[in-house]
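Working notes, beginning with the structure itself.
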Amino acid sequence: MKDPYEVLGVPHGASEDEIKKAYRELARKYHPDNYANNPLADLAQEKMKEINEAYAVLTKGGGASQSSGTDGYGAGYGDFPIECAPLLI
């Protein structure tokens, strides 16, 4: 997955309100209903999925930042803990 901050177009450390505002703007722009009967419908659907995933990552736990002090991005390799990353390469 891409950097969720990059997907939403917000800086690292953005506030919850900034993240929510960016998400809503992108959701309005790329919502599949806006692309009905349009050859770009599949691309819009993929973009919307990416936007939703980024928003879910950044708002996980009810806030933009987690209590550990990290943004939650890059803490592991996919679903595996970071310690397993060398085994996956």
Side-chain angles (χ1 to χ4, degrees):
M1 177 180 170
K2 287 183 177 179
D3 180 353
Y5 291 98
E6 184 179 313
V7 171
L8 295 179
V10 296
H12 284 263
S15 72
E16 187 175 348
D17 288 338
E18 291 172 313
I19 292 169
K20 187 184 292 186
K21 181 180 178 186
Y23 169 77
R24 287 180 176 176
E25 288 175 3
L26 290 170
R28 276 192 292 269
K29 181 176 181 179
Y30 291 105
H31 195 279
D33 289 348
N34 296 334
Y35 291 87
N37 301 320
N38 188 313
L40 299 176
D42 291 338
L43 292 174
Q45 186 174 2
E46 284 298 314
K47 183 69 174 175
M48 194 66 211
K49 181 180 176 185
E50 188 176 76
I51 292 165
N52 285 331
E53 288 174 359
Y55 184 71
V57 167
L58 295 180
T59 59
K60 186 177 180 181
S65 61
Q66 298 177 0
S67 60
S68 66
T70 64
D71 61 14
Y73 181 73
Y77 189 87
D79 291 334
F80 301 96
I82 194 72
E83 304 87 63
C84 296
L87 302 174
L88 299 172
I89 298 175

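Heavy-atom basis, side chains included; hydrogens, waters and symmetry copies ignored.
- Taken to the nearest 0.5 Å, the CD atom of Glu53 stands 11.5 Å off from the NZ atom of Lys2.
- By the side-chain contact (heavy atoms from CB on, under 4.5 Å) test, Gln45 is found to be paired with Asp42, residues two or more places apart in sequence or in another chain being considered.
- In this structure Glu46 satisfies the side chain to side chain donor-acceptor pair (under 3.5 Å) test with no other residue, sequence neighbours excluded.
- Nearest approach of Asp3 to His12, heavy atoms of both residues: OD2-NE2, 2.8 Å.
- Residues satisfying the salt bridge (Lys or Arg N to Asp or Glu O under 4.0 Å) criterion with Lys20, sequence neighbours excluded, are absent altogether.
- Partners of Asn38 under the side-chain contact (heavy atoms from CB on, under 4.5 Å) rule, at least two apart in sequence or in another chain, are Tyr35, Leu40.
- Ala27 pairs by the side-chain contact (heavy atoms from CB on, under 4.5 Å) definition with Tyr23, Met48, not counting sequence neighbours.
- Rounding to the nearest 0.5 angstrom, the gap separating the CG atom in Leu58 from the NZ atom in Lys60 is 11.5 Å.
- For the atom pair Leu26 CG and Arg24 CZ, the distance stands at 13.0 Å (nearest 0.5 Å).
- Applying the side-chain hydrogen bond (donor to acceptor under 3.5 Å, both in side chains) test to residues at least two apart or on different chains, none of the pairs has a partner in residues 25-34.
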